[in-house]
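What follows is a set of notes on a single structure, which appears directly below.
Fair warning: this is a prediction, and the values are worked out from it, not measured in the lab. Throughout, protein chains are lettered first and strands after them, A, B, ... in sequence-line order, and every chain is numbered starting at 1. Excluded from the calculations below are hydrogen atoms, water molecules and symmetry mates; all remaining heavy atoms, backbone and side chain alike, are included.
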Number of protein chains: 2
Amino acid sequence: MSPDRNRRPIPDATVSRLPVYLRILGEQRDLGVDSISSDRLAELGGVNAPKVRKDLSYLGSYGTRGVGYEVEYLIFQIQRELGLTHDWPVVIVGAGNLGQALAGYGGFGERGFPVAAIVDVDASKVGSVLGGTRVRPVDELPQIVRSKRINIGVVATPASAAQDAADRLVAAGVTSILNFAPIVLTVPAGIEVRKVDLAVELQILSYYEQRRTGGAAPTARARSASAS
Amino acid sequence: MSPDRNRRPIPDATVSRLPVYLRILGEQRDLGVDSISSDRLAELGGVNAPKVRKDLSYLGSYGTRGVGYEVEYLIFQIQRELGLTHDWPVVIVGAGNLGQALAGYGGFGERGFPVAAIVDVDASKVGSVLGGTRVRPVDELPQIVRSKRINIGVVATPASAAQDAADRLVAAGVTSILNFAPIVLTVPAGIEVRKVDLAVELQILSYYEQRRTGGAAPTARARSASAS
DNA sequence: CGAGCTTTGTGAACGCGTGCACGAGTGCCT
DNA sequence: AGGCACTCGTGCACGCGTTCACAAAGCTCG
């Protein structure tokens, strides 16, 4: 299991599906399933079977023809490829509504991303406890990142403060950022940024709704009275 | 009317970028800018200029050569295309950590998606007030959806309850679902579903971190991290 | 031990989206 | 009025990702 075996780059599209396979495999293992076919995995994952096989083939040939994939072993291989064999502690910047929710949301820790710290510029928020973690002043970011060996930061501030938050994270030594603020962050080369904009997802749904109904308004202020 | 005849379909990739342009245009308008070039819009949006022009060309030829795009008019055109000329009230299923956060998060309402209602199966959660909205029992979903003319539902339940939540939403008449639960929902044809899995985004970041460091662990049994 | 069924792994074709280059239209300045 | 600088709109080539089809490989059973 020497990591010096040169890894060819895995297509981005495949990387974004591997976590899905991983989750399904974990569920199946907990159900007592020890072998699974690409067909079944595709069904559970909402994709088609050839795509599953091609995706998994980027990891190596870990399946057995005529049988399928050994669940336990495949979990290990995907975890290894994704770097999930150990925890990645994260620091959340911004203890507002969203930051509080993310801290309280157990899903991060369960999947290997424990919330190691929360910071905020607002002194009035410092000291309160969210999801078992005390909010600390943003100035302590460098010490926190260094002492807890944090590589990933989460920006959960309002848009106006997001760039500053990102700058501070980068200065503190973070190399990957998950950005929930609706702006495009400017970061130095080599820093990986992913953006999640909740409103954008709704707007995309709106487009398909609008196309479906031909523009009929569900709560058109012009016609029906939508109080409150 | 036939909704698909008057408009050629816009590529999905373009649809997912239109909200980004829309947000930037709104900001620029608030700053007093009344005309913007594709170059500038691309810079602010983190894409390249030809892509901006191609995206906008799907809406029609609303630019002026030699000048750029009139901000106000372009905002209107994108809003019209995305169906954002009126509000789309949404209902949130699940008043747990995530549901509470989404209800309190003002970003939805600001962007035209007011939280019209929150429901939960847990009777102990019913009655509490989140973000100005009282939590109501899940059985009232059909009445809520009908009376408030809701087309979009948000699933913010644990994974185990997500499929049931989706079924109830569909039965109540919702035609689009934004799913935060980490499972693939099964819905009838014609129902649009978009999925946001917060942990998946972190796992993707983990992959790039892992590739960068060659698999060095940041917390557990780590050698010295690469301090570049 | 071989036939037949099952399932993986992958080369190749196809389609979509991106990036590029350039023609076309507009405003400004002399 | 004419030239020039600027920017949009778009045809085209390229590359990535998806899909398909099929050969290779393993298991089961008689």
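There is no side-chain donor-acceptor pair under 3.5 Å between B:Tyr208 and A:Glu192.
Sorted by first and then second residue, the side-chain hydrogen bond (donor to acceptor under 3.5 Å, both in side chains) pairs with a member in residues 101-118 of chain A read A:Arg111-B:Asp197; sequence neighbours excluded. Annotation: ring pair (Phe, Tyr, Trp, His ring centres under 6.0 Å) contacts involving residues 21-61 of chain A, sequence neighbours excluded, are absent. Every pair passing side-chain hydrogen bond (donor to acceptor under 3.5 Å, both in side chains) that includes a residue from residues 169-178 of chain B is listed here, sequence neighbours excluded: A:Glu209-B:Thr175, A:Glu209-B:Ser176.
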Before you tell me yes or no, could you show the steps for A:Arg194 and A:Asn179 under side chain to side chain contact (heavy atoms under 4.5 Å, CB included), namely the whole-Å CA-CA distance, both residues' side-chain angles and the distance that decides it to 0.1 Å?
CA-CA 6 Å; A:Arg194 287 193 72 84; A:Asn179 176 31; over 6 Å; no
Step by step, work out the side chain to side chain contact (heavy atoms under 4.5 Å, CB included) result for A:Val200 and A:Lys195.
CA-CA 11 Å; A:Val200 163; A:Lys195 185 179 151 194; 5.6 Å; no
B:Lys51 and B:Asp55: CA distance, side-chain angles, deciding distance, salt bridge (charged side-chain N to carboxylate O under 4.0 Å, His left out) verdict:
CA-CA 6 Å; B:Lys51 194 180 292 185; B:Asp55 284 343; over 6 Å; no
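Within residues 25-39 of chain B, no residue has a heavy atom under 4.0 Å from DNA chain C.
One interatomic measurement links the two molecules: CG of A:Asp12 to P of C:dC16, which rounds to 21 Å at whole-angstrom precision. C:dG17 atom C1' lies 16 Å from atom CG of B:Leu56, rounded to whole Å. Atom CG in B:Leu18 sits roughly 13 Å away from atom P in C:dG17 (whole-Å rounding). If you take CZ of B:Arg40 and P of D:dC6, they are 17 Å apart, rounded to a whole angstrom. Residue A:Tyr69 contributes atom OH, which lies 14 Å from atom P of D:dG26 at whole-angstrom precision.
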Counting primed atoms, P, OP1 and OP2 as sugar-phosphate and everything else as base, the B/S/- map of nucleotides 18-27 of chain C against protein heavy atoms under 4.0 Å is SBBB-BBBSS
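With sequence neighbours excluded, no residue forms a ring-ring contact (aromatic ring centres under 6.0 Å, His included) with A:Tyr207.
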